[in-house]
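Below: the structure, in structure tokens.
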Amino acid sequence: DLILAQSSTYVEPARRATSTIPIVFGLHADPVGTGHVASLARPGGNITGLSVMQTELSAKGLELLREAVPGATRIAVLWSRDTPSHGPGLKAVEAAGRSLGLELQPIAAQRAAELEGAVAAMVHQRTQALLVLTAPVFGAEARPLAELALKHHLPTMFGLRQAAEAGGLMSYGPDFADLMRRSAGYVDRILKGAKPGDLPVEQASKFELVLNLKTAKALGLTFPASVLVRADQVIQ
């Protein structure tokens, strides 16, 4: 009767499989940029749900990372070719990087087994910090990825708070649990007869900046007061 597809990674194969069964997403990074909906106000077709605005948030995350680590000018961007939203997301980050005068180093990884090689490539390129675009594989491997970055003294910015809790330097992103709860309302309305194409895509409204002081100390870093004052959670 309905397919609940968490993010762009899962929406894409569902979209290819059917143009009639309703598809609801809860954590889509960029539904318009990927072409999964025609617009936020009028999605059209059989797909709708909630957007995490990750394309915009990734650019903001880069700004926060630069502010927290002002000496870093060569910043790696970890992304996945298997994540449809990473195309527009990478473009937004590159535009932000140019305006900030940064040298960005995009490095792709699709599977957990590729992460160690990806970080090794960053070290070879003398990367000074790492921005991780949000993807299911990076979320599932948050702890080993954070530990790997710390091992090589790389300050990290993630889009998932659990990554900062697992040892990443910082994270900035939406409240994913809140979005998934809200997606249940779409499922309810569609099962009661509403058409997906007529239900506007809602955007995230709660955002969290999480800082890990333990990781900062291990890296020999001190968060500027301008960053600390905006934190929603500070991990001691």
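For the numbers below, each heavy atom of this structure counts, side chains included, while hydrogens, waters and symmetry mates do not. Since the structure is predicted, the reported quantities are computational estimates derived from the model, not experimental observations.
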Nearest heavy-atom neighbours spanning [X] and [Y]:
{"X": "Ser8", "Y": "His28", "answer": "CB-CE1, 3.4 Å"}
{"X": "Thr48", "Y": "Pro43", "answer": "OG1-CG, 3.7 Å"}
{"X": "Ala129", "Y": "Leu154", "answer": "N-CD2, 3.9 Å"}
{"X": "Ile190", "Y": "Leu199", "answer": "CG1-CD1, 3.7 Å"}
{"X": "Phe158", "Y": "Gly168", "answer": "CE1-CA, 3.9 Å"}
{"X": "Ala118", "Y": "Leu78", "answer": "CB-CD1, 4.1 Å"}

Ignoring hydrogens and geometry, is there a side-chain-to-backbone donor-acceptor pair from [X] to [Y] under 3.5 Å?
{"X": "Tyr186", "Y": "Gly49", "result": "yes"}
{"X": "Asn212", "Y": "Ala164", "result": "yes"}
{"X": "Gln110", "Y": "Arg81", "result": "yes"}
{"X": "Arg230", "Y": "Leu209", "result": "no"}

Got a second to check how far [X]'s [atom1] is from [Y]'s [atom2], nearest 0.5 Å?
{"X": "Leu169", "Y": "Leu65", "atom1": "CG", "atom2": "CG", "answer": "7.5 Å"}
{"X": "Thr134", "Y": "Leu27", "atom1": "OG1", "atom2": "CG", "answer": "10.0 Å"}
{"X": "Met53", "Y": "Phe207", "atom1": "CE", "atom2": "CZ", "answer": "4.5 Å"}
{"X": "His152", "Y": "Leu130", "atom1": "NE2", "atom2": "CG", "answer": "11.5 Å"}
{"X": "Met122", "Y": "Ile107", "atom1": "CE", "atom2": "CD1", "answer": "4.5 Å"}
{"X": "Ser226", "Y": "Leu64", "atom1": "OG", "atom2": "CG", "answer": "9.0 Å"}

Quiz prompt | CA sep, side-chain torsions, deciding dist, call: Ile3, Thr18, side-chain contact (heavy atoms from CB on, under 4.5 Å) | solution = CA-CA 10 Å; Ile3 298 171; Thr18 179; 4.1 Å; yes
[X] side chain near [Y] side chain, heavy-atom distance below 4.5 Å:
{"X": "Gln105", "Y": "Arg74", "value": "yes"}
{"X": "Gln203", "Y": "Pro174", "value": "no"}
{"X": "Phe25", "Y": "Val201", "value": "yes"}
{"X": "Trp79", "Y": "Val93", "value": "no"}
{"X": "Glu165", "Y": "Ile235", "value": "yes"}
{"X": "Met180", "Y": "Ser183", "value": "yes"}
{"X": "Leu40", "Y": "Pro31", "value": "yes"}
{"X": "Leu62", "Y": "Leu102", "value": "yes"}

Practice problem: Could you please spell out the steps behind the side-chain contact (heavy atoms from CB on, under 4.5 Å) verdict for Leu145 and Val119? | Solution: CA-CA 9 Å; Leu145 180 53; Val119 174; 4.3 Å; yes
More than 12 heavy atoms of other groups within 6.0 Å of [X] [atom1]:
{"X": "Asp1", "atom1": "CG", "answer": "no"}
{"X": "Gln125", "atom1": "CD", "answer": "yes"}
{"X": "Arg126", "atom1": "CZ", "answer": "no"}

Do the side chains of [X] and [Y] join up, straight or via other hydrophobic residues, at under 4.5 Å, putting them in one cluster?
{"X": "Met157", "Y": "Leu160", "result": "no"}
{"X": "Val234", "Y": "Val210", "result": "no"}
{"X": "Leu213", "Y": "Leu219", "result": "yes"}
{"X": "Ile75", "Y": "Leu211", "result": "yes"}
{"X": "Leu131", "Y": "Leu115", "result": "no"}

Quiz prompt | Aromatic ring pairing His86/Phe138, orientation class (parallel under 30°, perpendicular over 60°, tilted between) | solution =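 It falls in the parallel class, under 30°.
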Quiz item: Going by atom types only, do Glu208 and Ser171 share a side-chain donor-acceptor pair under 3.5 Å?
Solution: no
Practice problem: Please test Thr83 against Ser85 for side chain to side chain donor-acceptor pair (under 3.5 Å), starting from the C-alpha separation and ending with a verdict. | Solution: CA-CA 6 Å; Thr83 302; Ser85 63; 5.9 Å; no
Quiz item: Salt bridge or not for Glu94 and Lys91, using N-O below 4.0 Å?
Solution: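 A salt bridge is absent here (no side-chain N lies under 4.0 Å from a carboxylate O).
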Quiz item: Does a side-chain N-to-carboxylate-O contact under 4.0 Å join Glu147 and Lys151?
Solution: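 The answer is no: the pair does not qualify as a salt bridge.
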Quiz item: Going through the checks in order, is the side-chain contact (heavy atoms from CB on, under 4.5 Å) test met by Val77 and Leu133?
Solution: CA-CA 7 Å; Val77 182; Leu133 300 190; 3.9 Å; yes
Exercise. Show the numbers, then the answer: is there a side-chain contact (heavy atoms from CB on, under 4.5 Å) between Val32 and Val37?
Key: CA-CA 5 Å; Val32 176; Val37 301; 3.8 Å; yes
